[in-house]
Structures are given as C-alpha cells and as structure tokens.
Colleague: 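Supplied in structure tokens, the structure appears directly below.
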Amino acid sequence: MATDTLKSTPGAGGATSGLRRLLLDNGALTALIVLVVALSALSGDFLTTDNLLNVGVQAAVTAVLAFGVTFVIVSAGIDLSVGSVAALSATVLAWSATSHGVPVVLAVVLSVATGIVAGLVNGFLIAYGKLPPFIATLAMLSVARGLSLVISGGSPIPFPDSVSHLGDTLGGWLPVPVLVMVVMGLAAAVVLGRTYIGRSMYAIGGNEEAARLSGLRVKKQKLAIYALSGLFAAVAGIVLASRLSSAQPQAADGYELDAIAAVVIGGASLAGGTGKASGTLIGALILAVLRNGLNLLNVSAFWQQVVIGVVIALAVLLDTVRRKAGATPVAAGTGGGKGKQAGTYALAAVVTVAVVGATSLLHGGSAASTAPRMGLSLSTLNNPFFVQIRAGAQAEAKKLGVDLTVTDAQNDASQQANQLQNFTSSGLGAIIVNPVDSDAASNSVKAADKAKIPVIAVDRGVNKATVNALVASDNVAGGELAAKTVAEKLGGSGKIVILQGQAGTSAARERAEGFAKGLKAYPGIQVLAQQPADFDRTKGLDVMSNLLQAHPDVQGVIAANDEMALGAIKALGSKAGRSVQVVGFDGTPDGLTAVKGGTLYASVAQQPSQLGRIAVDNALRAVRGKKVEPTVKVPVKVVTKDNVAGFSG
C-alpha cells in the first residue's frame with residue numbers, strides 16, 4: 001500500500017511480478033487514482049476546481065483526527081473517543097470565549113488543553129489502570145460527549161468570529177481547513193519518522209514486551225501517545241466548529257470510525273507496528289472522494305454506507321494478501337526506499353492528470369440536460385416524517401420535470417455542510433435544505449447565495465443567512481397545541497412526562513419551547529420529568545420504561561415526535577389510551593394508525609409530504625425568476641380519532 005515501503009521477496013521476478021508488487025505496495029494510492037479517474041468519467045461535475053477543493057475541505061477534519069489515531073494504532077492501541085473529544089474541545093472554546101468572556105487566545109489554549117487532558121486520562125487508564133484500550137476510550141467517548149452536552153445545555157454555542165476564520169478561505173479560493181490538514185499531516189509525519197517517541201510507537205506496536213525489556217518506558221510513552229491523539233482531536237474539533245460557525249454538542253458523532261477507517265485504508269495494521277501519515281492522508285482522501293462522488297452521482301445515502309464498508313473490508317483484505325505474498329513492511333523512519341516512494345507518488349500524479357484529462361473530454365462535448373437540476377439535503381432519512389418530505393418532493397419533481405438529487409445528512413451538521421458544498425460546486429439550479437441545525441447551515445447557504453443559487457429552507461429555517469423562502473410549519477405553535485391537547489384531555493390537571501428530541505437540534509428546542517409555553521396556561525398540570533429520547537422509537541421505549549419505575553402514577557405523555565410517542569405506548573402497554581394519554585408530533589403513517597387504534601390520543605400533524613411538494617414548487621419558481629413568498633406556512637393540525645379518517649399528510 002501507499003503507506004509501506006516493502007522489501008522484495010527473493011525469486012519474484014519478471015514484469016508481471018513487478019507490476020503485481022507495485023500494486024500491492026501502493027494499494028491505497030492505486031485505489032485513490034482509480035476512484036478519481038472513474039468519477040471524472042462518470043460525472044462532469046467532479047473534475048472542477050471548486051469541487052476538488054470541496055473534497056479537500058471535507059477530508060480535513062477526518063484526516064486531522066486520523067493523524068492522531070495513527071499514533072495510537074501504530075502502537076497497537078485504539079482510540080474510540082476522538083470524535084467526542086473533538087466536540088468537547090470545541091464546546092469548551094465557544095463556552096469560555098462567548099459565555100464567560102475569556103480572551104480568545106486563552107480559550108483556544110483551554111480547548112487544546114482539554115483534548116490533551118482527555119488523552120492523558122485515556123493513557124493513564126490503559127498504561128497504569130491496565131484497562132484494554134477499547135474499554136478505556138469507549139468510556140471517554142461517553143464522558144466527553146456527556147460533558148459537551150452538559151456545558152452547552154444541549155444547544156449549539158456561537159463560535160468566536162476570530163476563530164471562525166479557520167473555516168474561511170485565503171485569497172478567496174484556498175480553504176483554511178486544507179492548510180490546517182497539511183500542517184498537521186506534516187507534524188504527524190515528523191513525529192512518526194524523526195522523533196524518539198515516533199520510534200517508540202513502532203517498537204511498542206511491534207512487540208511491547210521486547211520494547212520494555214530493551215529499556216523503553218512503555219507506560220510513559222503510552223501517556224504521550226494518547227495525549228497526542230487528544231491534541232489532534234482538539235484541533236479537528238476547532239476546525240469543524242469553525243466551518244459550522246458554532247460548537248455543536250453532537251458534532252463529530254461517529255467520526256472516530258471514519259478516522260480508524262482512514263488509517264486502516266492507508267495501510268496501517270491494527271496489530272500495530274506499521275503505518276505512515278502519508279497513507280492516513282490518502283485513506284482520508286479516499287473516504288472524502290467516495291462520499292463526494294456518490295453525492296454527485298445521486299447514490300442513496302444508505303448505499304453510500306454499504307460502499308464505504310466494502311472499501312474498508314477490501315483495504316484490510318489487500319493488507320492480508322500483501323502479507324501472505326511475503327512482503328515485509330518497513331516502519332517509517334527506518335530508512336530505505338524513500339526516494340523510490342517519492343518517485344511513485346510523482347508518477348501517480350502524472351498518470352492521474354493524463355487519464356483524467358482524457359476522460360474530461362467525454363463531458364466537454366456532451367449536450368447539457370434541459371431539465372432543471374435541484375438538490376435536496378434532508379437532516380435524516382431515519383425518520384418517517386422526513387421520508388414523507390422526500391416522497392412529496394420527488395413526486396412534485398417528477399410532475400414538473402425536475403432532476404432532483406436527494407441526500408441524507410444523518411443528523412450530522414458537518415456532513416450536511418459537505419453535501420451543500422457539493423450542490424453549490426455542481427452548479428445546480430436551486431438547493432432545498434432541511435437543516436440539521438439552523439445555525440450550522442448558515443455558512444453553506446451563504447456560499448450558495450454567493451454563487452447566485454436560490455435556496456429554499458424546508459421545515460426549519462437557516463439563521464444568519466438569506467434564503468429565498470422558508471416552507472415550514474411552526475414548531476413552537478405546534479408544541480403549544482400539543483400541550484393544550486393533553487392538558488384539556490386531562491381536564492386541566494394531572495401528572496405528565498415529556499419526551500424531548502435530540503439535544504442540539506432546532507426542532508427539539510422549538511418544540512420544547514412550545515410545550516413550555518402551552519403548559520403555562522394550565523397550572524394544574526405537573527411535569528414529573530423531561531428526558532431526551534433522540535426522536536427514536538427504541539429510545540422512547542427505554543426512556544418511558546425507566547420513567548414508569550420512578551413515576552407509576554403518570555397520566556399523560558407529550559412526545560416531540562410520533563416515533564418516541566409510539567415507543568412510549570409500547571412501554572405503557574394497556575395503560576396507553578386508557579389511564580395514560582399520549583400526544584405525539586408529526587402525523588406519520590404509523591402515528592395515525594395508532595390514533596385510529598386509540599393508543600395514541602392525538603398527533604400534531606405537519607403534513608410533511610405537502611412540505612416537500614411546496615418546497616420543490618417554490619424552488620422551481622425561484623429558478624425561473626418568479627416571485628417567491630419569503631415564508632410559506634403549512635398549517636399544523638391536531639389529529640384525533642374523531643378526524644383522522646379525513647386527514648391526509
């Protein structure tokens with residue numbers, strides 16, 4: 001692979017053997033070249049300066065995290081906490097600088113120190129507490145994420161303007177995140193190849209007991225290794241928050257898996273002892289190129305996960321094949337083959353440019369499609385409400401002859417920023433966005449505005465940026481209706497619990513605000529508990545089951561969506577619809593079925609398919625230069641057993 005310089009096996013000769021050896025020794029680099037060439041041939045939007053810079057920006061956070069994880073994996077460890085540590089570090093910076101008036105420079109130092117301390121705790125638990133790295137860092141994953149939520153109160157915190165410039169560009173074209181990625185990559189390469197601690201990592205990963213017997217202070221080295229991982233995680237968190245102009249308590253969720261995947265794809269062995277910064281960079285670029293290209297080709301977000309999983313499996317399989325072929329990895333910093341490897345990279349660049357240049361001619365003379373092209377970025381498709389928005393949008397697009405690309409941000413504000421960047425660089429006629437977070441989407445929408453691409457927001461607005469129209473129901477008003485409905489059903493007095501949505505999302509905040517406003521009019525209603533269940537049915541079941549142990553006398557439940565309400569109904573069993581009244585939100589098909597059955601008393605329905613349909617219609621009007629109303633309200637409606645038969649979402 002690209003990350004290892006391998007010694008030749010005696011007896012392996014001939015041109016065929018030499019080619020086979022070249023491909024095996026530079027597998028990740030070969031894969032990256034093949035991907036670039038293939039995507040250049042398949043999509044005319046891929047090989048543009050703006051899009052290639054997008055790929056660099058989208059790889060930056062994963063790459064910086066992965067450089068830190070490389071230190072750990074080379075030493076035969078694992079770090080599952082880097083995503084949560086990144087979020088915690090960014091939250092500390094924003095919280096200290098904006099909420100407590102700490103000078104920005106000192107706030108940055110505190111942020112970086114937070115990452116280092118988290119890494120030191122990991123290292124101490126592993127080296128001195130004898131905990132397996134998997135367990136120690138898994139615990140830190142939970143602790144760091146929890147602290148991030150506690151400090152932020154579950155809401156995004158605006159980032160200081162002076163630090164937010166890390167998400168900008170230099171000279172109007174060179175993204176700062178790419179520069180940070182390059183600097184951190186060079187630092188990682190120097191640490192691995194030129195320092196005592198770098199050589200210690202390879203020694204510990206190769207044979208920890210032998211390293212100890214040779215006089216290496218293994219425990220202290222592990223402290224330093226995990227501290228370095230925490231440092232890189234803190235930098236990644238600052239860069240990520242700068243891109244989003246806010247510290248998101250749920251940011252970088254799952255990024256530890258991408259970081260580990262980048263290291264493995266780049267040629268490092270999970271058994272330890274091998275790995276290089278250059279290989280990790282290539283691994284991160286492969287993941288970014290894959291996601292970018294699959295977005296441009298309108299591949300389902302679900303299939304994207306399948307493809308990335310297959311790529312990771314193939315990377316590990318190639319590593320196994322290479323080892324069975326008799327190759328012997330040479331650790332970074334031990335010398336041998338550096339000039340040859342540099343030549344390989346140069347040759348790869350020349351071949352890539354030549355082939356890509358040839359394939360670009362395939363698109364140069366092709367006729368442009370006459371159908372208007374639009375992109376729809378949804379916060380998640382793991383929820384029936386947003387699936388209905390997609391269905392309504394796709395049906396209207398088909399009716400109007402619009403080429404609509406739909407992406408799933410999986411409730412990740414950073415991933416949505418990437419998708420919106422891809423839409424902008426593709427030169428789409430219009431963009432429809434259902435923000436994961438109203439603040440985090442602002443920079444991406446500003447970029448689309450600068451490119452003169454109309455933007456329509458659906459269901460949730462975008463703060464600090466101009467959109468052509470907002471197509472939405474009023475979440476606050478809907479929350480008030482939900483509170484009024486359950487209060488009146490209980491006769492104005494009773495004991496209830498509230499199941500909140502995912503902490504940090506605007507929908508959860510706005511609906512909670514509506515619940516609170518609505519309940520003020522009913523002083524006889526006592527709220528026994530409020531707990532988040534993340535808009536998820538399974539979590540709704542678990543949280544409600546737990547609350548019933550403490551509050552068996554509960555008489556009512558307000559859930560911030562139908563999925564959580566359905567989970568609560570399952571936990572309540574025969575009590576649902578009889579002694580306990582449950583009110584949901586969204587009017588999803590399953591929710592309406594429960595209303596018909598009497599287990600769900602009511603759902604505040606938003607008519608999601610209408611939201612999708614109206615959003616596409618307004619986007620097309622904006623593309624054609626017609627007048628668009630700045631706010632298009634789709635009325636909410638309380639659906640009960642009495643009126644559910646005549647309701648259509």
Colleague: May I ask you to decide if Asp536's main-chain N or O and Asp534's side chain share a donor-acceptor pair within less than 3.5 Å?
Modeller: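 Such a contact is absent between Asp534 side chain and Asp536 backbone.
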Colleague: Okay, side chain of Gln419, backbone of Asp408: is any donor-acceptor separation there less than 3.5 Å?
Modeller: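 Yes.
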Colleague: Is the backbone N or O of Val634 less than 3.5 Å from a side-chain atom of Gln607, with the two atoms forming a donor-acceptor pair by type?
Modeller: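 Not at all, since once roles are kept as given, no pair shorter than 3.5 Å links the two residues.
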Colleague: OG1/Thr407 to CD/Gln410 distance, rounded to the nearest 0.5 angstrom?
Modeller: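 Reported to 0.5 Å precision, the distance equals 10.0 Å.
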Colleague: Does Arg291 come within less than 4.0 Å of Asp258, counting only side-chain N to carboxylate O?
Modeller: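 Yes.
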Colleague: Rounded at 0.5 Å granularity, tell me how far CG in Asp459 sits from CD in Glu510.
Modeller: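 It is 8.5 Å, given to the nearest 0.5 Å.
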Colleague: Salt bridge or not between Asp437 and Arg509? Use side-chain N to carboxylate O under 4.0 Å.
Modeller: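 Yes, Asp437 and Arg509 are salt-bridged.
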Colleague: Quick one: are Val486 and Tyr601 in side-chain contact, heavy atoms under 4.5 Å?
Modeller: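 Of all side-chain heavy-atom pairs linking Tyr601 with Val486, none is under 4.5 Å.
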Colleague: Taking all heavy atoms of Glu629 and all of Ala469, pick out the closest pair and write down the distance.
Modeller: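 In terms of heavy atoms, the two residues are closest at O-CB, 3.3 Å.
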Colleague: Quick one: do the Asp79 and Ser81 side chains pair a donor with an acceptor below 3.5 Å?
Modeller: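 The answer is yes; a qualifying pair exists.
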Colleague: Can you measure from CE (Met544) to CD1 (Ile569) and round to the nearest 0.5 angstrom?
Modeller: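 Going from the CE atom of Met544 to the CD1 atom of Ile569 covers 10.5 Å.
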Colleague: Please check: side-chain N/O of Ser96 versus main-chain N/O of Leu93, any donor-acceptor pairing under 3.5 Å?
Modeller: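 Side chain of Ser96 to backbone of Leu93, a donor-acceptor pair under 3.5 Å: yes, one is there.
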Colleague: Using a strict threshold of under 4.0 Å (side-chain N to carboxylate O), is an ion pair present between Arg511 and Asp586?
Modeller: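 Salt bridge between Asp586 and Arg511, a charged N being under 4.0 Å from a carboxylate O: yes.
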Colleague: Between Ser603 and Asp562, do the side chains contain a donor N or O and an acceptor N or O under 3.5 Å apart?
Modeller: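 Ser603 and Asp562 do have a side-chain donor-acceptor pair below 3.5 Å.
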